[in-house]
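It should be emphasised that the depicted structure is a prediction, and the values quoted were computed from it without experimental measurement. Each chain gets a letter, A, B and so on, in the order its sequence line appears, and its residues count up from 1.
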Amino acid sequence: MVAAIKNFLLSLVGIALVIGVWAAVSTWFSADLPSPIKTWKESELYVLQPWEKRGEMDQGIGLMAMYSLIRVAKGFLLGILFGAPLGLLLGASQLLSKMFDPVIQVLRPISPLAWLPLGLILFRQSEPAALFTIAVCSMWPTVINTMHGVRSIPQDYVNVAKVLRLSPWKRFTKVLLPSTLPYMFTGFRLSLGIAWLVIVASEMLTGTPGVGGFLWQEYNSLVYSHILLCILTIGVVGFTLDRLMGLIEAKLRIA
Amino acid sequence: MAYFKLQGVGKSFGVRRVLHEVNLFVEEGEFVTIVGTSGSGKTTLIKIASGLMNPDTGGVFLAGLPVTSFPARAAMVFQNYSLLPWLSAKENVRLAVESAFPQWNRTQQLDQVTKYLEIVGLGAAAGKRPGQLSGGMRQRVAIARAFAVEPALMLLDEPFGALDALTRATLQAELIKLIGQQSPRATVLMISNSVDEAILLSDRVVALGTKLSPAVPVTLAHPRTHKALQHEEEAVKVKARITEFLLAAGTAKSAECQPVEPRILAQVVPE
């Protein structure tokens, strides 16, 4: 308990230090960078009335974050919907994995900025293109971790399946899937992190309402304090998502 | 003709020859134990006997038919329990019962599960997962799972190897009881590193060096107890013969390990 309080206080000190550096930079180094106080004053309206809609691109930060979250949720689900089965297949089949491993290794490091134009060509609309980009960028950790999970099923469990003469379906549902699930969830967690990273890029380029879209618009309108507001929001939401997935993951590990 | 037989079984891993010309015949309803020191190829032998591993030479036959995968109406108990950790004790046993008796309805299957969990004294812990059970209790679940499929052939791979001495003795007694209750009795092939355990449980004991020793019958009446066996002349004799064979095999093996060419040491002269 005491240690927990101590850790909390230490993290507050860390935050205070960073804000201090920020204030110092804005005062002495870059006049364009809004100071922490100025940022707060100009963002107050958006933070204190988070669900207020004043115009298409002028909405409370809560609404903006929600639009982004919904978009991420769709793209992420699409990604794991393809990623998890693909990982299972690649893990189960040596042949398929040898066939597709080089392809995956090449596709994996491609930036969302490169995928988005392709999505726009394919779907001709910004929303499906954004979802495509999120899905295609975020699915790889799920594919790779699931594949790894299938390959590292302990020999004991494989023997149990053989000794009990389980049907292929039971083998899948009672042995393979539960044994792979913790690995899969690690993949999901990493995928969600990437999906949240990608959202900003895709909203910036498509100009859709959301945290990323708002950020880009405010940059163009020279309201720099709102850029900082968006950055902080993105960080806090991303952190929360990761923690939530971490909790689910920990639950699965015990089981 | 023997009910369960291993004929001319050989297996090598790379250059290391683990088994060579292993022949074993087990009659229906007989309990045979193979005793070997660690590294003697016991585990390889039972994996081949169960169809989990293919031999390089020779074959395994059950009721005259070659065994190529784990046979139906057979069960196996492993040293490390091999329960699925995400299923409760009950669900672990149920998985086996469902697979062995697909023609039964749900109630019949569940009754069978409950019956065998109660026989091993785990009625109250049926809902617990393996992680919540002690080693002894886990192995009880594994034993219940094995007997619940009413197997004709039972393969035991050092079933008590991971347990403390006291739990080991209790579970040995329970195994004797369970086998006695079966009708007809299952044919049992057990692997063990304990000569005492072999004499306690089996009708015949075989020692495994690089080859199998001639089988030594144990004719003492069941149920046997560790205490009584200490003073029983036959038990002492069986133990002596098996131990002698194992020791001889051990000596032969270490002789094999001697380098073929004599080593020539460098001439080192002090300056």
Side-chain angles (χ1 to χ4, degrees), chain A residues 80 83-85 87-89 91-95 142 145-189 244-255, chain B residues 43 46-54 67-88 90-102 109 113 128-132 138 141-149 151 153-157 159 162:
Chain A
I80 64 174
L88 288 173
L89 273 177
S93 158
Q94 285 278 337
L95 183 83
T142 298
N145 276 282
T146 308
M147 185 170 86
H148 182 62
V150 173
R151 290 205 190 132
S152 38
I153 292 182
Q155 188 59 37
D156 280 353
Y157 303 157
V158 177
N159 282 341
V160 169
K162 283 183 185 163
V163 163
L164 301 187
R165 298 166 61 87
L166 298 181
S167 63
W169 176 245
K170 281 250 163 98
R171 233 173 241 230
F172 178 71
T173 54
K174 301 283 179 179
V175 181
L176 191 131
L177 210 53
S179 160
T180 314
L181 212 57
Y183 291 87
M184 264 185 174
F185 248 88
T186 306
F188 291 170
R189 183 183 183 177
L244 285 177
M245 288 301 275
L247 284 179
I248 301 173
E249 207 186 331
K251 271 245 163 74
L252 279 172
R253 287 230 178 274
I254 297 162
Chain B
T43 306
I46 197 137
K47 272 189 182 158
I48 289 172
S50 61
L52 291 176
M53 189 189 272
N54 292 320
V67 173
T68 50
S69 64
F70 196 84
R73 304 239 25 236
M76 188 157 177
V77 178
F78 299 89
Q79 176 177 7
N80 48 5
Y81 326 123
S82 290
L83 299 171
L84 300 176
W86 43 83
L87 299 179
S88 67
K90 189 177 170 180
E91 288 163 336
N92 263 292
V93 180
R94 190 173 153 200
L95 196 61
V97 171
E98 279 174 352
S99 175
F101 304 109
Q109 288 173 342
V113 172
K128 292 205 169 141
R129 294 202 176 158
Q132 299 168 292
R138 284 183 218 180
V141 178
I143 289 171
R145 179 173 70 180
F147 278 95
V149 304
L153 175 68
M154 180 80 95
L155 298 157
L156 308 173
D157 181 9

Specify which of B/V149, B/L83, B/L52, B/L155 makes the most heavy-atom pairs with chain A at under 4.5 Å. B/L52
Applying ring-ring contact (aromatic ring centres under 6.0 Å, His included) to A/F185 and not counting sequence neighbours gives A/F188
Only one of A/N159, A/D156, A/L164 clears side chain to side chain contact (heavy atoms under 4.5 Å, CB included) with B/S82; which? A/D156
B/P71 versus chain A, the contacting section by heavy-atom distance below 4.5 Å: backbone
Grab the two heavy atoms, one from B/W86 and one from A/V175, that are nearest each other, plus how far apart they are. CZ2-O, 3.5 Å
A/R165 to B/A72 - nearest heavy-atom pair and separation: NH1-N, 3.2 Å
A/S179 versus chain B, heavy atoms under 4.5 Å apart: side chain, backbone, both or neither? both
Using a 6.0 Å cut-off, check whether atom NZ of A/K162 has over 12 heavy atoms from anything other than its own residue. yes
For B/L84 and A/Y157, work out which heavy atoms get closest and say how close. CD2-CD2, 3.8 Å
Taking NZ, NE, NH1 and NH2 as the nitrogens, is one of them in A/K174 or B/E91 under 4.0 Å from a carboxylate oxygen of the other? no
Hey, what do you get for OG (B/S99) to NZ (A/K170), rounding to the nearest 0.5 Å? 7.0 Å
Portion of A/V158 that has a non-hydrogen atom of chain B nearer than 4.5 angstrom: neither
Which of residues 73-81 of chain B have a heavy atom under 4.5 Å from any heavy atom of chain A? B/M76, B/F78, B/N80
